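Contents: one structure, followed by commentary.
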Amino acid sequence: MSGEYNPAAIREKWQAYWDQHKSFRALNPGDPSFDASKPKSYILDFFPYPSGAGLHVGHPEGYTATDILARYKRMKGFNVLHTMGWDAFGLPAEQHALETGQHPAITTTNNINTFRRQLKMLGFSYDWDRELSTTDTDYYKWTQWIFLQIFNSWFDETQKKARPIAELPIPADVKSRGDKAVREFVDAHRLAYLAEVPVNWCPALGTVLANEEVTNEGKSERGNHPVFKRPLKQWMLRITKYADRLADELEELHWPEAVKLMQRNWIGRSEGAQVRFQIAPSPSEGEGRGEGHDFIEVFTTRPDTLFGATYMVLAPEHPLVEKITTPDQRAAVQAYCHAAANRSELARAADAKEKTGVFTGGYAINPVNNEPIPIWVADYVLMGYGTGAIMAVPCGDQRDFEFATQFDLPIVVVVRPPDAWLANHNVTFDEYVANPGALSKGFVDDGVSINSGPITGLPTQEAKKKITVWLEERGLGRRTINYKIRDWLFSRQRYWGEPFPILHGPDGEIVALDESDVPLTLPEISDYHPTVTHEGDEEVPAPPLGRATEWATVTRNGKTYRRELNTMPQWAGSCWYYLRFCDPKNASRFVGKEAEQYWMQSKKKDGTHHVGGIDLYLGGAEHAVLHLLYARFWHKVLYDLGHVSTIEPFGRLFNQGMIRAFAYYDKRGVYVPSDEVTIGEPVTVPYVGGFDSQALQDAIKSGLTKQEIQDFVGTAKTSFYYQNEPVFQSVEKMSKSLKNVVNPEKVVNEYGADSLRLYEMFMGPLEASKPWNPRDVPGVFRFLQRVWRLLVDENTGSISTYIDNAPAGGPPDALERLLHKTIKKVGEDIERLAFNTGISAMMEFVNEAYRAKSIRMDQAERFVLVLSAFAPFITEELWQRLHGAAWKTSIAYEPWPVFDPALVEDDEVEIPIQVNGKLAGRLLVSKTAPQDAVQATALADPKVMEKLAGKPVVKAIYVPGRMLNLVVKG
RNA sequence: GCGCGAGUGGCGGAAUUGGCAGACGCGCUGGAUUUAGGAUCCAGUGGGAAACCGUGGGGGUUCGAGUCCCCCCUCGCGCACCA
């Protein structure tokens, strides 16, 4: 090898070495030579879906960050668990199979091979012996096993935890009704159950879709086919039982607050009251209607406004609509409900500005004042939330207010707004009460109850409590908690997923396979298309697994059973992979107890256990809600059943920001090719700020001239040119259509893996969304070249002449001090995932050593150690070269260098001298210098004297080692 | 509409607790070396001739504000009739 820095050759050499020596194998408790005295660190990436496109630059961003931390922790003496696997079930491979006929397993294997090869190029220190794929039989065996645990348990409300189904108490009256009744009772309490639920049904794809697989236009994300809401019998997981724990137990986690908030919002816990409204005989209809026990139950968070309830609204799907509607309103109501049924929920929400609705002709009795109030049907009330019916209080709710003003329904003010609010809206209290509809908005916040019987005069919070008690005493209502979260729709009509370990008996009996019967492997089929069958008029999904007729039929004890033909959603495999990584080869358990306890339990500084065991879980924000919520739910079930030892899986969570791309467009808003844009003199040109290019083009098309638009929008500075015309820079998502996708493999080939790693970390804060600038990559490459030339003689390839072989020790020189600072700074920055500033500190050190053209051998070694967490390839090579014949093994387990706190602090510092807060001069002083000495020196400084202009100092603020501020009058 | 986050040179960004704004890198300018350079090295680089002015805009607190408070603007993300 010649002496020049050759990243490609170095990469190949060390990649092979690490592979051969299994350098990053992590030992488990019980393994020979496992060192139990070391602390552990479990550092985990969101595992990828191995798509056909291979790695994009977003993958290495997170993976490099965790790799730096993993390498650092290893050098700090931790046992590190750092692993990689594949979330490989899912729709793309199946779609590919539909198009090409290639089995999804083949596509998946090919894609995994590409991903693995590309990841290995980047030098990540994964324990590749622990690699797993959710599609491995050995893996999904245990996914099915966990499903069986969920299926075979129920939620005990008193203990607030899951328990084995065998422990479910069966009420005597159920028992007395026989085996079938008992079976149905049990099935109705399982955490996994079959239910008829409204789902997103896409006939063209032949499958049910999750909400997030449906676009805002009510089309399928794949293929853009229409999607309808319809009831279907599907597998559900009872996640709602865990709503409180999922919300409350977020508290202790070291997670971004934004993610916690998103999860809490998704769970959507709100406290209020359920209130019963009797249905009244309609005045126009006379007697005979609404007799018996008919009542409408509503949920409200504002029971204090009950006296202002002037009408009620039912969702169009509400079961009582038909009963309540009077004959003369029937046609209108039916038409309205029919129209609502044919619009997706999303379409209904889209035109939320316009309230629609129709009067049923029926009335209900307001339980607090016995007033009859009209019952309407309107689609702003959703069947899926609360009871599907509301009491409408126009004065306390913005939507009710809008509806009331639109349909001219009475508005009764029952909450007195604060005076400030009234003043803000230019009305007096009397004017507001007399005519609240005159304003464009009602008052919906907390105030003081008025015209409200027993709660009149009480502030909102107290009024809520008192009226709830009042209702409870009279049997009219009770305190309730409502959640937005729904049970988890857990089945898909697809081939490429985990089969359910479930049999259906001839009489509708649901039978789970024994634990010893899993894995239930996917059968081979020749056609992956889902289809529909017809049951009467109904289209019923026929999942592709139905084609495996032999597989699907099972005979037991002379009875014929049909296998469940649905498969599990892609989320299933990712719900527990972090547990399998602890013990991936275990054949008898989903994870060995000892391994689980070692890797998943994490101690806090005070010695107590952290609620969640994984020390760092890092990935994109796109999984902020669903994946993390589902995985937490499974984990809690496993905890309740005694299978895992922590209540939460992910102690610390971090979201990396998205890497985007610069894009350039000209004054007409047309994109120009990025690689032909040049930088020139900054000029000020008319600019269409606030427009994106599409909006701009639309504006031009709609008749505005370029000049008119420019006059309207002002000017901006640009220094980018395309064909001598100034162009504007914007930041966009990388996309195939804009042709701005950066391929990491190309960057590796051009600059080396270390440069790619370093650049991705140097771009900016890990959590920030930031643009990829190809122009900046050579900067970090040059840094690595400088490191190389500092330590290696380019002509001979032996150790550089800059290296001074003086023994370590002796009086600390400036470089030694800087090295100690660098070691401290880089270590701290790694811990807080601030890699960009750590890299800049290393650059400063190299610049300094380079300026001096001299570095001691022991300093060189310590610096290489620090750099090795970031740039593993070049540092392995340098480590070997620095040691010559004495070299033994990889740098990866060398101890992280220690810094001396005394050498990190400078004794003498330059501090600013300010006069009235403005800089007047600088002074080199001892850190511990007393104020009077510093002040005396400062006052003698000519520049300071000039600033003071002879005025007396009335006050002086001195922060030792930081600054001195002299305050003068005037 | 509601919630969260952000706005700093020509560009990416730094400033961890209210204490020298612009670290580090890119780009640019000048010089050295070189047959040549998209290589390397050295120096300079917020604006302004200067006094001074400068962290989206306006106000405030403070000896002192990029950082804290109030109002507004812009961008990004999330939720979106959740009663």
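Below, read A as the first sequence line, B as the second, and so on, with proteins coming before strands; counting in each chain starts at 1. Note that the structure is a prediction, hence the values are computed from the model and not measured.
- For A258(A), whose side chain is taken as the heavy atoms from C-beta onward, the closest listed nucleotide among C4(B), G25(B), U16(B) is C4(B).
- Contact check for V377(A) versus C337(A): side-chain heavy atoms found under the 4.5 Å cut-off.
- The C1' atoms of G9(B) and U29(B) are separated by 16 Å, rounded to the nearest whole Å.
- Within 4.0 Å (heavy atoms only), R782(A) reaches sugar-phosphate atoms of the nucleic acid but no base atom.
- With F407(A) as the fixed residue, the ring pair (Phe, Tyr, Trp, His ring centres under 6.0 Å) test singles out one of Y380(A), W376(A), Y311(A), F401(A): W376(A).
- Residue-level contact check: Q785(A) touches the backbone only, with heavy atoms under 4.0 Å from sugar-phosphate atoms and none from bases.
- Closest approach to the R786(A) side chain among U16(B), G13(B), C41(B) is made by C41(B) (side chain taken as heavy atoms from C-beta onward).
- Sorted by first then second residue, the side chain to side chain donor-acceptor pair (under 3.5 Å) pairs that include residues 833-842 of chain A, not counting sequence neighbours, are D829(A)-T837(A).
- Residue K733(A) is classed as having no contact, given no heavy-atom separation below 4.0 Å to the nucleic acid.
- Between the side chains of R660(A) and N740(A), no donor-acceptor pair is found at a separation under 3.5 Å.
- Residue N847(A) places its side chain closer to C24(B) than to any other of C24(B), G64(B), A15(B).
- Among the atoms of the strands shown, only primed sugar atoms or phosphate atoms (P, OP1, OP2) are found under 4.0 Å from some heavy atom of L261(A).
- M262(A) comes within contact range of the sugar-phosphate backbone alone, with a heavy-atom separation under 4.0 Å but no base atom that close.
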RNA chain B in dot-bracket, Watson-Crick or G-U pairs under 3.5 Å, [ ] crossing, | other strand? (((((((..(((......[....)))((((((.......))))))((....))..(((((..]....))))))))))))....

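- Using a 4.5 Å heavy-atom cutoff, the side chains of R264(A) and R269(A) are not in contact.
- Nucleotides A14(B) and G22(B) have their C1' atoms positioned 7 Å apart, rounded to a whole Å.
- Atom C1' of U16(B) sits at a distance of 32 Å from the matching atom of C79(B), rounded to the whole Å.
- The aromatic ring centroids of F762(A) and F835(A) lie 6.0 Å or more from each other.
- Among the protein residues, N265(A) comes within range of no part of the nucleic acid, since none of its heavy atoms lies under 4.0 Å from any strand.
- To the nearest whole angstrom, the two P atoms, one in A23(B) and one in U8(B), are 16 Å apart.
- Across all strands, D400(A) comes closer than 4.0 Å to no nucleic acid atom at all (heavy-atom distances).
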Pairs: protein N or O with nucleotides 21-23 of chain B N or O, under 3.5 Å:
unit_1: A23(B); atom_1: O2'; unit_2: E844(A); atom_2: OE2; d: 3.3

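- In summary, the side chains of D487(A) and T240(A) do present a donor paired with an acceptor at a separation below 3.5 Å, with no hydrogens or angles considered.
- Of the candidates C26(B), C53(B), G13(B), G13(B) carries the atom nearest the K770(A) side chain, counting heavy atoms from C-beta on.
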Kindly indicate, with the supporting measurements, whether the criterion salt bridge (charged side-chain N to carboxylate O under 4.0 Å, His left out) is fulfilled by R851(A) and E848(A). CA-CA 5 Å; R851(A) 226 184 317 275; E848(A) 201 47 49; 3.3 Å; yes

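- Residue contacts shown for F783(A) are absent, as no nucleic acid heavy atom lies under 4.0 Å away.
- Between Y5(A) and W788(A), the ring planes are tilted. Angles from 30° to 60° get that label.
- Residue P778(A) is out of contact with every strand shown, counting any heavy-atom pair closer than 4.0 Å.
- With a glycosidic angle further than 90° from 0, G76(B) counts as anti.
- Following rounding to the nearest Å, M963(A) (CE) and A65(B) (P) show an atom-to-atom distance of 11 Å.
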